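Structure, as structure tokens:
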There are 2 protein chains.
Amino acid sequence: MVASSQFRELCHRHSLAATHQRQVIYETVMSLPGHPSPEAIYGKVRKKIPCISLATVYKNIQTFLDSGMLREVSLHHGAMRLEPNHEPHHHLVCVRCKSIEDLDAGNLHPVRLRQKLPRGFQVERIAIDILGVCRDCASKNPSGEKTLSSKNHLSGEQ
Amino acid sequence: MVASSQFRELCHRHSLAATHQRQVIYETVMSLPGHPSPEAIYGKVRKKIPCISLATVYKNIQTFLDSGMLREVSLHHGAMRLEPNHEPHHHLVCVRCKSIEDLDAGNLHPVRLRQKLPRGFQVERIAIDILGVCRDCASKNPSGEKTLSSKNHLSGEQ
DNA sequence: CTAGATGCAAACAGTTTGCGTCACT
DNA sequence: AGTGACGCAAACTGTTTGCATCTAG
């Protein structure tokens with residue numbers, strides 16, 4: 001409410017209409033601790049706008065992600081993906097088509113913990129994802145709209 | 001087919017019955033390139049066992065994950081999770097309850113690419129997940145069955 | 001005034017579950 | 001013989017869509 005003008009400006013920068021719902025959703029995401037799910041956001045937004053639709057929440061989250069105003073914790077690949085590769089390796093993940101390519105562990109210097117982790121966390125392994133745009137997506141659409149579908153996305157059959 | 005006895009032994013080590021379906025599913029996962037989804041696995045398995053049920057595929061994938069015979073590429077948190085934290089940081093992810101905690105980037109020495117990535121991949125950022133068992137899960141169940149539900153899982157309301 | 005945003009309900013996709021039957025050990 | 005696996009269909013959860021109405025620019 002206080003920063004209403006800031007929000008309007010932010011929307012303007014991303015060519016989005018500054019609606020009330022949009023502002024409340026955005027502020028709610030930013031105010032929630034941790035890494036909220038759409039459902040959790042909806043729950044809290046509804047306290048301010050009881051009649052808001054869950055679809056509106058989803059649509060706006062998508063809008064924020066597309067515009068870069070918000071980010072996903074880890075990419076949501078739609079379906080579970082299994083890892084047959086037992087060799088130590090990391091992943092090259094395309095943020096557009098969501099393809100995942102293996103990258104041999106030898107290509108990265110090993111990660112080093114600079115010091116102790118908080119509260120009795122027992123480390124099992126460290127996963128590194130290099131996020132970016134793969135060659136195919138970059139060539140298809142150098143700027144950056146949206147691509148999906150294509151390639152590896154849900155396939156596995158060669 | 002060739003390695004049938006190997007598979008029986010593998011199952012025995014994990015106290016699982018060595019059924020035909022189980023073997024075909026396992027071999028299919030291992031044979032598929034990349035990071036197959038359950039649907040893709042089902043598609044290929046059906047070529048060998050046309051009447052197999054999708055539920056059987058899911059149940060066995062779950063069994064393999066639980067027993068450690070297979071691994072997920074990145075944890076499937078059930079729902080999309082948003083990242084309000086714009087500061088550079090990484091994540092501490094519990095493989096049991098799937099909670100996600102932030103870890104300040106200063107706690108890790110920066111990752112260094114040991115050399116060029118394959119084929120025109122445009123890096124946007126590098127995400128590091130430290131996977132393991134969080135204190136709560138470790139204390140509740142030091143051995144390692146299954147826990148889920150509890151904590152951060154889908155919540156966001158305080 | 002018009003493009004785009006909202007709300008609703010129905011549709012989807014991915015995954016899980018219950019239960020009767022069947023097969024491995 | 002008994003425990004656990006399979007197959008089927010129905011249920012669920014998370015997410016998306018179509019369309020009529022409304023609103024910011």
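Here is the naming used below: chain letters follow the sequence lines, and residue numbers restart at 1 for every chain. Model, not experiment: these values are computed from the prediction.
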In whole angstroms, how far is the P atom of D:dT13 from the OH atom of A:Tyr42? 15 Å

Which part of the nucleic acid, if any, lies within contact of A:Ala17, taking any heavy atom under 4.0 Å across all strands shown: a base, the sugar-phosphate backbone alone, or nothing? sugar-phosphate

Donor + acceptor pair across side chains of A:Glu83, A:His89 (<3.5 Å): yes

OP1 or OP2 of C:dG7 versus the side-chain N and O atoms of A:Gln21: is any pair under 4.0 Å? yes

Please pick, from D:dG7, C:dA9, C:dT15, the nucleotide with the shortest atom-to-atom distance to any side-chain atom of A:Ala55. C:dA9

Give B:Ile52 one of three labels, base, sugar-phosphate or nothing, depending on what nucleic acid heavy atoms sit under 4.0 Å from its own. sugar-phosphate

Rounding to an integer number of Å, can you tell me how far A:Leu16 CG sits from D:dA24 P? 15 Å

Separation of C:dT16 atom P from B:Leu54 atom CG, nearest Å, is 10 Å

Just by modelled atom types, is the B:Leu131 backbone N or O under 3.5 Å from a matching donor or acceptor in the B:Asp129 side chain? no

Does any donor atom in the side chain of A:Ser31 or A:Lys44 lie under 3.5 Å from an acceptor atom in the other side chain? yes

Residue closer to the 5' end of DNA chain C, B:Tyr58 versus B:Thr19 (nearest nucleotide): B:Tyr58

Sub-6.0 Å ring centroid separation between B:His76 and A:His76: no

Please confirm whether B:His35 and A:His91 have ring centers closer than 6.0 angstrom. yes

Expressed as a whole number of angstroms, how long is the span from B:His76:NE2 to D:dG14:P? 10 Å

B:Cys11 or A:Thr63, whichever maps to the more 5' nucleotide of DNA chain C: A:Thr63

Send over the distance from A:Met80 CE to D:dG14 C1', rounded to a whole Å. 15 Å

If the cut-off is 4.0 Å, is B:Thr56 near the phosphate of D:dG7, judged by side-chain N/O to OP1 or OP2? yes

Taking D:dG14, C:dT6, D:dC8 as options, the one with an atom nearest any side-chain atom of B:Ala79 is D:dG14

Classify the side chain of B:Lys59 versus the base of D:dG4 as yes if they form a donor-acceptor pair under 3.5 Å and no if they do not. no

Gap between atoms CD and P, on A:Gln23 and D:dA24 respectively (whole Å): 12 Å

Between atom CG in B:Asn60 and atom C1' in C:dC24, what is the gap in whole Å? 14 Å

D:dG25, C:dG7, C:dA5: which one has an atom nearest the side-chain heavy atoms of A:Arg22? C:dA5

Below the 4.0 Å mark, does C:dC24 have OP1 or OP2 next to a side-chain nitrogen or oxygen of B:Arg8? no

